[in-house]
Amino acid sequence: MKTGIFTGSFDPFTVGHHSIVTRALPLFDRLIIGVVGDQVHKPGLTPAAQRMEAIRSLYEDEPRIDVKPYFGLAARFAKAEDAHYIIKGVRSVKDFEYEREQADINRQLSGVETLLLFAEPQLASVSSSMVRELQHFGADVSAFLPQKPYKP
């Protein structure tokens with residue numbers, strides 16, 4: 001069984017994340033969305049259980065997707081889940097350089113490969129931090145959040 005993991009804090013899970021999941025899913029028999037647990041020291045981070053529930057409800061009709069918390073290194077999480085691939089989204093050259101370095105270290109630590117999926121052009125400026133900031137100022141962010149029903 002080919003298993004991939006897509007990890008992040010997903011606070012919140014955006015249309016950009018949804019795009020990566022939708023595009024990665026055909027490559028795998030099983031896709032695990034790994035949500036960073038509550039041990040991360042990010043001010044104002046929504047509790048992991050709440051973030052996971054939002055993602056689970058989006059994909060509740062897709063049996064190939066599983067949502068789990070993870071703690072520590074993504075490469076260790078991948079090995080624990082018997083996943084051979086980490087999926088990452090890339091929006092910019094800055095993201096690419098960061099993810100390229102992470103991919104190299106993850107491969108050295110565990111042999112896990114990283115697949116980079118480039119953001120769709122219309123989603124390249126969407127980020128969780130941007131959505132949180134807009135929410136903070138009372139803006140309508142519904143265009144940046146995936147809506148149900150998910151259609152594979």
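These figures come from a predicted structure and were not determined experimentally. As a basis for the values below, the full set of heavy atoms in this structure was taken, side chains included, without hydrogen atoms, waters or symmetry mates.
- Note: Ile5 CD1 to Ile32 CD1 = 7.0 Å, rounded to the nearest 0.5 Å.
- Looking at every heavy atom in both residues, Ser110 comes nearest to Ala75 through OG-CB, 3.4 Å.
- Leu27 and Leu31 fall within the same hydrophobic cluster, defined by Ile, Leu, Val, Met, Phe, Trp and Tyr side-chain heavy atoms under 4.5 Å apart, directly or through other members.
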Trace of the side chain to side chain contact (heavy atoms under 4.5 Å, CB included) decision for Glu62 with Leu25 = CA-CA 10 Å; Glu62 178 49 73; Leu25 190 57; 3.7 Å; yes
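- When the side-chain contact (heavy atoms from CB on, under 4.5 Å) test is applied to Phe10, the partners found at least two apart in sequence or on another chain are Phe6, Phe13, His17, Ile33, Val35, Ile55.
- Here the CG atom belonging to Asp95 is positioned 9.5 Å from the NZ atom belonging to Lys88, to the nearest 0.5 angstrom.
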Verdict with reasoning, Asp66 to Arg30, per side chain to side chain contact (heavy atoms under 4.5 Å, CB included) = CA-CA 8 Å; Asp66 198 3; Arg30 178 174 168 234; 4.3 Å; yes
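- Looking only at side-chain heavy atoms (C-beta outward), Pro69 and Met52 come within less than 4.5 Å of each other.
- Here Val141 is tied into one hydrophobic group with Val15, Leu123, Val126, Met130, Val131, Leu134, Phe144, Leu145, each link being a pair of ILVMFWY side chains closer than 4.5 Å.
- Not counting sequence neighbours, the partners of Tyr98 by the side-chain contact (heavy atoms from CB on, under 4.5 Å) test are Gln102.
- Inter-residue side-chain proximity for Arg51 and Pro12 is flagged as unmet; no heavy-atom pair is nearer than 4.5 Å.
- Taking Ile, Leu, Val, Met, Phe, Trp and Tyr as members and joining any whose side-chain heavy atoms lie under 4.5 Å apart, directly or through other members, the hydrophobic cluster of Phe118 also contains Val90, Phe96, Leu116.
- Looking at Glu101 and Asp104, their side chains never come closer than 4.5 Å, going by heavy atoms from C-beta outward.
- Applying the under-4.5 Å side-chain rule to Ile, Leu, Val, Met, Phe, Trp and Tyr, the cluster around Ile105 extends to Leu73, Leu109.
- Annotation for Arg76: atom CZ does not count as buried by contact number, only 12 or fewer foreign heavy atoms lying within 6.0 Å.
- Qualifying salt bridge (charged side-chain N to carboxylate O under 4.0 Å, His left out) partners for Glu53, counting only residues two or more places apart in sequence or in other chains: none.
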Val21 and Tyr59: side chain to side chain contact (heavy atoms under 4.5 Å, CB included), yes or no, with the steps?
-> CA-CA 10 Å; Val21 168; Tyr59 299 113; 3.6 Å; yes
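- The CG atom of Asn106 sits 9.0 Å away from the CD atom of Glu99 when rounded to the nearest 0.5 Å.
- Nearest heavy atoms, Ala74 versus Thr7: CB-OG1, 4.1 Å.
- Closest non-hydrogen pair, Ala78 versus Ile86, comes out as CB-CG1, 4.3 Å.
- Put simply, CZ on Arg56 and NZ on Lys68 are 9.5 Å apart, with the number rounded to the nearest 0.5 Å.
- Gly37 approaches Ala48 most closely through the heavy-atom pair CA-CB, 4.1 Å.
- Separation of atoms CD (Gln50) and CG (Asp11) is listed at 8.5 Å; rounding is to 0.5 Å.
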For Asp29 and Arg64, run side chain to side chain contact (heavy atoms under 4.5 Å, CB included): C-alpha distance rounded to whole Å, both residues' side-chain angles, the deciding distance at 0.1 Å, then the answer.
-> CA-CA 6 Å; Asp29 302 308; Arg64 296 175 295 163; 6.0 Å; no
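- Side chains of Arg107 and Val112 form no contact here, defined as non-hydrogen atoms less than 4.5 Å apart.
- The distance from atom CD of Glu60 to atom NZ of Lys148, rounded to the nearest 0.5 Å, is 3.0 Å.
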